[in-house]
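Below is one structure, written out as structure tokens; comments come after it.
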Amino acid sequence: MQKTGKKYALTNKEYEILKVLWASETPLTASNIVERGDALSINTVQATLKKLLKREFIRVDQIVYSGTVLSRAYLPSMSQEEFETQKYMDSMKQLHNDNFTCSHFMAAFLGQEHDREKALQEIDELESLLKKKKQELIKKGADNL
């Protein structure tokens, strides 16, 4: 159950519906989600979609016909990987009074790798990703001038 101040805390139903949306390559209507979900009723799905939409975890991608009725088709607002990363960062920030940064996360992650070669390989990969991201940010800043 969601606790106050925990943006990424979801109920089981919210998470189940998000998983159905993440698994789909196309936008889904509430009826599509009921068909693909595990023992979900249309009323539960519609109520949960409304909550997820309000919390901006999903968005309406298009309006489509579901039989003869117009229905909203939904997409997740972020990938499952992005969601899980943000959820973890949110939890860590709460534990550390908002003093937890991406650098802390990476240091903790690398501290868990006991194989020297794997750790060095991870560091090389991270350096490459950081260099690429830095170049993107510099270019973005130059484009704004």
Side-chain angles (χ1 to χ4, degrees), residues 1-64 66 71-145:
M1 208 61 181
Q2 181 180 345
K3 296 176 185 166
T4 305
K6 293 192 85 173
K7 180 178 179 179
Y8 294 92
L10 298 176
T11 65
N12 290 339
K13 294 295 181 195
E14 289 169 335
Y15 193 69
E16 184 176 348
I17 288 171
L18 272 177
K19 286 195 306 187
V20 170
L21 289 168
W22 284 321
S24 176
E25 295 181 15
T26 59
L28 299 176
T29 64
S31 298
N32 298 141
I33 293 168
V34 170
E35 292 167 6
R36 296 176 188 208
D38 187 29
L40 294 169
S41 75
I42 190 70
N43 292 337
T44 299
V45 169
Q46 289 173 334
T48 305
L49 286 171
K50 186 175 179 179
K51 291 176 190 174
L52 289 169
L53 192 60
K54 183 177 180 180
R55 294 177 62 196
E56 299 180 351
F57 286 115
I58 62 171
R59 63 183 173 83
V60 176
D61 183 63
Q62 55 191 328
I63 305 295
V64 297
S66 179
S71 301
R72 295 176 181 180
Y74 299 93
L75 282 175
S77 298
M78 63 181 75
S79 70
Q80 187 170 7
E81 183 178 75
E82 291 168 325
F83 173 82
E84 296 297 346
T85 301
Q86 289 298 326
K87 181 179 174 181
Y88 178 79
M89 292 296 289
D90 188 55
S91 296
M92 291 296 101
K93 284 182 178 182
Q94 283 196 345
L95 286 173
H96 299 280
N97 297 320
D98 286 330
N99 294 324
F100 191 80
T101 65
C102 189
S103 300
H104 292 115
F105 172 74
M106 294 315 304
F109 174 75
L110 289 171
Q112 296 301 311
E113 183 57 68
H114 301 293
D115 182 327
R116 183 180 174 275
E117 290 303 314
K118 282 185 180 179
L120 289 171
Q121 186 179 9
E122 289 290 338
I123 290 169
D124 287 343
E125 192 173 328
L126 286 168
E127 285 176 339
S128 174
L129 291 169
L130 289 170
K131 186 180 285 187
K132 182 180 175 185
K133 185 63 176 178
K134 186 175 183 178
Q135 289 171 346
E136 287 174 11
L137 291 171
I138 289 170
K139 184 181 184 312
K140 187 176 179 181
D143 290 345
N144 290 336
L145 295 178

According to salt bridge (charged side-chain N to carboxylate O under 4.0 Å, His left out), who are the partners of Lys134, at least two apart in sequence or on a separate chain? none
Residues passing the salt bridge (charged side-chain N to carboxylate O under 4.0 Å, His left out) test with Arg36, sequence neighbours excluded, are none
Taking only residues two or more places apart in sequence or in another chain, which ones pass side chain to side chain donor-acceptor pair (under 3.5 Å) with Ser103? none
Minimum heavy-atom distance [X]-[Y], with the two atoms named:
X     : Y     : value
Pro27 : Asn32 : O-OD1, 4.5 Å
Leu53 : Arg59 : CD1-CA, 3.8 Å
Met78 : Tyr8  : CE-CE2, 4.0 Å

Residues that [X] engages under side chain to side chain contact (heavy atoms under 4.5 Å, CB included), provided they are two or more places apart:
X     : answer
Asp38 : Glu16
Ser31 : Thr29, Ile42, Ser66
Val45 : Ile17, Ala30, Ile33, Val34, Leu40, Leu49

Considering only residues two or more places apart or on different chains, which pairs with a residue in residues 27-48 satisfy ring-ring contact (aromatic ring centres under 6.0 Å, His included)? none
Quick one: ring-ring contact (aromatic ring centres under 6.0 Å, His included) partners of Tyr88, sequence neighbours excluded? Phe105
Under the side chain to side chain donor-acceptor pair (under 3.5 Å) rule, what pairs show up with a residue in residues 71-87, not counting sequence neighbours? Tyr15-Gln80, Tyr15-Glu84, Ser79-Glu82
Show every donor-acceptor pair shorter than 3.5 Å between a side-chain atom in residues 114-132 and any protein atom, with sequence neighbours excluded, or say none if there are none.
{"from": "Asp115", "atom 1": "OD1", "to": "Glu117", "atom 2": "N", "distance (Å)": "3.0"}
{"from": "Asp115", "atom 1": "OD1", "to": "Lys118", "atom 2": "N", "distance (Å)": "3.3"}

Which of parallel (below 30°), tilted (30 to 60°) and perpendicular (above 60°) describes Phe57 and Phe83? perpendicular
